[in-house]
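Structure first, commentary second.
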Amino acid sequence: MSQSLHLFTPSSTGVALPKHSLRFTPSVSTSNCRLPVTSFQKRCCFSIRASASASSDPKVIETENGKPEILPHVTASPEPAAVSSDSASIEVDAVTEVELKENGFRSTRRTKLVCTIGPATCGFQQLEALAVGGMNVARINMCHGEREWHKAVIERVRRLNEEKGYAVAIMMDTEGSEIHMDDLGGGPSAKAEDGEIWTFTVRAFGSSRPERTINVNYDGFAEDVTIGDELLVDGGMVRFEVIEKIGPDVKCRCTDPGLLLPRANLTFWRDGSLVRERNAMLPTISAKDWLDIDFGIAEGVDFIAISFVKSAEVINHLKSYIAARSRDSDIAVIAKIESIDSLKNLEEIIQASDGAMVARGDLGAQIPLEQVPSAQQRIVQVCRQLNKPVIVASQLLESMIEYPTPTRAEVADVSEAVRQRSDALMLSGESAMGQFPDKALTVLRSVSVRIEKWWREEKRHEAMELPEVGSSFSDSISEEICTSAAKMANNLGVDALFVYTKSGHMASLLSRCRPDCPIFAFTTTTSVRRRLNLQWGLIPFRLSFSDDMESNLNKTFSLLKARGMIKSGDLIIAVSDMLQSIQVMNVP
Ligand SMILES: Nc1ncnc2c1ncn2[C@@H]1O[C@H](COP(=O)(O)OP(=O)(O)OP(=O)(O)O)[C@@H](O)[C@H]1O
Ligand SMILES: CC(=O)C(=O)O
Ligand SMILES: [K+]
Ligand SMILES: [Mg+2]
């Protein structure tokens with residue numbers, strides 16, 4: 001196979017390429033290349049094309065503006081953002097637009113934010129406040145609330161997107177069939193005091209539930225436990241010792257007092273190890289979960305997160321189920337890593353999934369707490385290597401459920417997740433039922449921006465090996481292009497990477513490289529735009545584009561310039577998954 005380098009003068013296509021543009025085009029015939037394959041391309045030539053006047057240096061890049069992060073001055077306004085799906089427009093949300101105008105490219109936040117929606121945030125205005133505050137993905141947890149409630153939340157988020165131009169994605173999280181308590185008869189919580197005797201039972205009660213009695217969802221509970229076992233609520237927030245078994249009733253003495261929350265998870269331990277009896281055979285996806293999944297498919301959610309995944313098999317099964325039921329099959333499956341088995345089969349589970357979540361809440365109930373940080377690091381790293389987005393979740397700002405400022409330790413924990421370069425951070429109780437959801441989101445946002453900036457200043461370009469993830473030659477080309485483009489972007493100090501991608505794959509390959517500049521990801525469908533909103537560094541835009549990159553670029557430049565998001569002279573690198581190429585150019 002030959003490779004050749006050509007220098008030519010500006011093309012005769014009539015497109016005015018800006019001065020000192022450099023084009024690198026590995027023109028290779030590939031299956032995903034939608035252009036007619038010419039004999040030139042079949043020869044698999046690589047060409048680097050630079051305009052004859054490419055004399056001056058690339059534009060000197062402004063250093064980081066050093067300003068503290070500015071919260072975009074977007075208020076929950078009744079005025080709809082310019083949203084239109086006509087082919088001459090570009091869709092981007094008002095927050096991103098203002099952030100780009102006010103803070104410049106460099107200071108846009110790269111780490112994405114997921115908010116669990118609950119009673120504290122389910123109203124339209126509350127959801128809008130979260131969107132203004134930077135929520136990229138809204139998570140609904142099927143452990144709690146009725147389907148009608150979730151449906152109403154989904155409708156509000158969709159309305160927000162349609163009316164205000166956001167691309168907030170929806171993630172539905174399944175309940176899973178692990179052992180948990182009931183909803184405490186609708187009460188907010190119950191206090192267990194030291195030495196009290198409580199009964200855990202599968203017996204059904206009507207309205208007359210005896211005092212200090214908790215229903216358990218798992219029929220085999222009484223058989224699986226043994227006298228002397230330790231019963232941990234939510235991984236140890238409250239502890240009991242099993243003292244007696246009478247038929248379906250298990251009597252326990254409270255040894256560590258605390259608050260019992262509705263549907264809290266239960267684990268039991270014997271001789272210092274998690275007990276895995278018949279409960280280990282519980283299906284990952286319960287009968288109720290399948291109904292919830294049908295609901296999620298019908299509602300067109302963007303992500304389905306599967307709780308307590310044990311193997312890759314269940315992910316494959318779910319993916320074929322989704323593919324058979326939703327024609328466009330746009331729903332991405334996120335594996336929640338929160339059990340011993342999921343850690344054992346980590347690589348194959350992540351390989352099978354479209355992303356993963358480090359679900360530290362339940363994970364910390366299944367492995368010793370001191371092992372959670374190293375597990376987190378490993379999961380984040382494996383996801384990066386396999387090119388799957390990863391979310392770090394649970395207790396990031398737990399104290400903010402009650403207090404308006406985080407602890408120093410919580411800020412350090414958030415910083416560590418950002419420093420590990422995870423794609424996204426997640427709020428749980430802080431946004432679902434806390435007193436300060438907006439403040440918690442502000443903390444995630446400002447810590448992310450600050451740590452990302454620090455990271456760039458320190459030039460901590462990690463030497464992480466990014467193995468090839470694709471299987472075809474065409475995939476390899478895309479990966480090489482993205483790796484090279486990201487490296488060039490860092491070396492040349494460009495302002496932004498542009499990627500034109502129909503499926504979103506090329507954008508995720510760029511994101512995986514974690515370049516210094518933001519990545520403007522242009523895609524033709526709103527569903528891909530929403531899904532890209534979970535990935536590190538991507539600013540997703542919806543734009544109709546053709547296979548003609550020069551006209552795409554010109555169109556993008558004029559649309560973005562008109563809205564003040566870029567200006568003449570900005571240096572960009574553009575790649576696309578239609579024409580596998582790298583173009584370096586100043587905005588004309
Ligand atoms: N839809 C909802 N309705 C009522 N309360 C909710 C809802 N979603 C979340 N919550 C509250 O917020 C808390 C934290 O939410 P989170 O999603 O982390 O749940 P969780 O019970 O810890 O389960 P999981 O392990 O699935 O995350 C819950 O314990 C619950 O009290
Ligand atoms: C998010 C979740 O499910 C957990 O942390 O357990
Ligand atoms: K869940
Ligand atoms: Mg969990």
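Each ligand, and each atom within it, is numbered from 1 in the order the structure gives. Computed from a predicted model, the values in this text were never measured in an experiment.
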Verify side chain to side chain contact (heavy atoms under 4.5 Å, CB included) between Leu427 and Val114, making sure each step is shown before the conclusion.
-> CA-CA 6 Å; Leu427 294 177; Val114 182; over 6 Å; no

What residue and heavy atom of the protein are closest to atom 2 (C) of ligand 2, and at what distance?
-> Ala359 CB, 3.4 Å

Every residue of the protein that comes under 4.0 Å of ligand 1, judged on heavy atoms | Thr116, Ile117, Pro119, Arg139, Asn141, Cys143, His144, Trp149, His150, Lys336, Asp362, Ser428, Gly429, Ala432, Met433

Report yes if Ser428 has an N/O atom closer than 3.5 Å to an N/O atom of ligand 2; otherwise report no.
-> no

May I ask you to check if ligand 2 and Gly361 share an N or O to N or O distance below 3.5 Å?
-> yes

Taking non-hydrogen atoms only, is Lys336 closer than 4.0 angstrom to ligand 2 via side chain, backbone, both or neither?
-> side chain

Heavy atoms of other groups near Arg263 CZ, more than 12 under 6.0 Å = yes

Please indicate whether Glu146 has more than 12 foreign heavy atoms, meaning atoms of other residues, nucleotides or ligands, lying under 6.0 Å from its CD.
-> no

Quick note on ligand 2: atoms under 4.0 Å from a heavy atom of Glu338 include exactly 2 (C), 3 (O), 4 (C), 6 (O)

Sub-3.5 Å donor-acceptor pair from the side chain of Arg139 to the main-chain atoms of Val137, do we have one?
-> no

Has Asp194 got more than 12 heavy atoms of other residues, nucleotides or ligands less than 6.0 Å from its CG?
-> yes

May I ask you to decide whether Asp224 forms a salt bridge with Arg276, counting only side-chain N to carboxylate O separations under 4.0 Å?
-> no

min-distance protein heavy atom vs atom 1 (C) of ligand 2 -> Ser394 OG, 3.5 Å

Would one find more than 12 heavy atoms of other residues, nucleotides or ligands at under 6.0 Å from atom CD of Glu313?
-> no

Contact check: Asn141 to the K ion (ligand 3), N/O/S below 3.4 Å = yes

Enumerated ligand 2 atoms positioned under 4.0 Å from heavy atoms of Arg360 = 5 (O)

Less than 4.0 Å between a side-chain N and a carboxylate O, is that true for Lys310 and Asp341?
-> no

Determine which of the N, O or S atoms in Asp173 is closest to the K ion (ligand 3) and give its atom name.
-> OD1

List the atom pairs, donor and acceptor, that lie under 3.5 Å between side-chain atoms in residues 286-303 and the rest of the protein, sequence neighbours left out.
from	atom 1	to	atom 2	distance (Å)
Ser286	OG	Lys288	N	3.4
Ser286	OG	Asp289	N	3.1
Ser286	OG	Asp289	OD2	3.3
Lys288	NZ	Met142	O	2.8
Lys288	NZ	Glu175	OE1	3.0
Lys288	NZ	Asp292	OD2	2.8
Asp289	OD1	Glu175	N	3.2
Asp289	OD1	Gly176	N	3.1
Asp289	OD2	Gly176	N	3.0
Asp289	OD2	Ser286	N	3.0
Asp292	OD1	Arg147	NE	2.8
Asp292	OD1	Arg147	NH2	3.0
Asp294	OD1	Tyr321	OH	2.5
Asp294	OD2	Tyr321	OH	3.4
Glu299	OE2	Lys151	NZ	3.1
Asp302	OD1	Arg530	NE	2.8
Asp302	OD1	Arg530	NH2	3.2
Asp302	OD2	Ile170	N	2.8
Asp302	OD2	Arg530	NE	3.1

Counting only N and O atoms by type, is there a donor-acceptor contact under 3.5 Å from the side chain of Thr121 to the main-chain atoms of Ser431?
-> yes

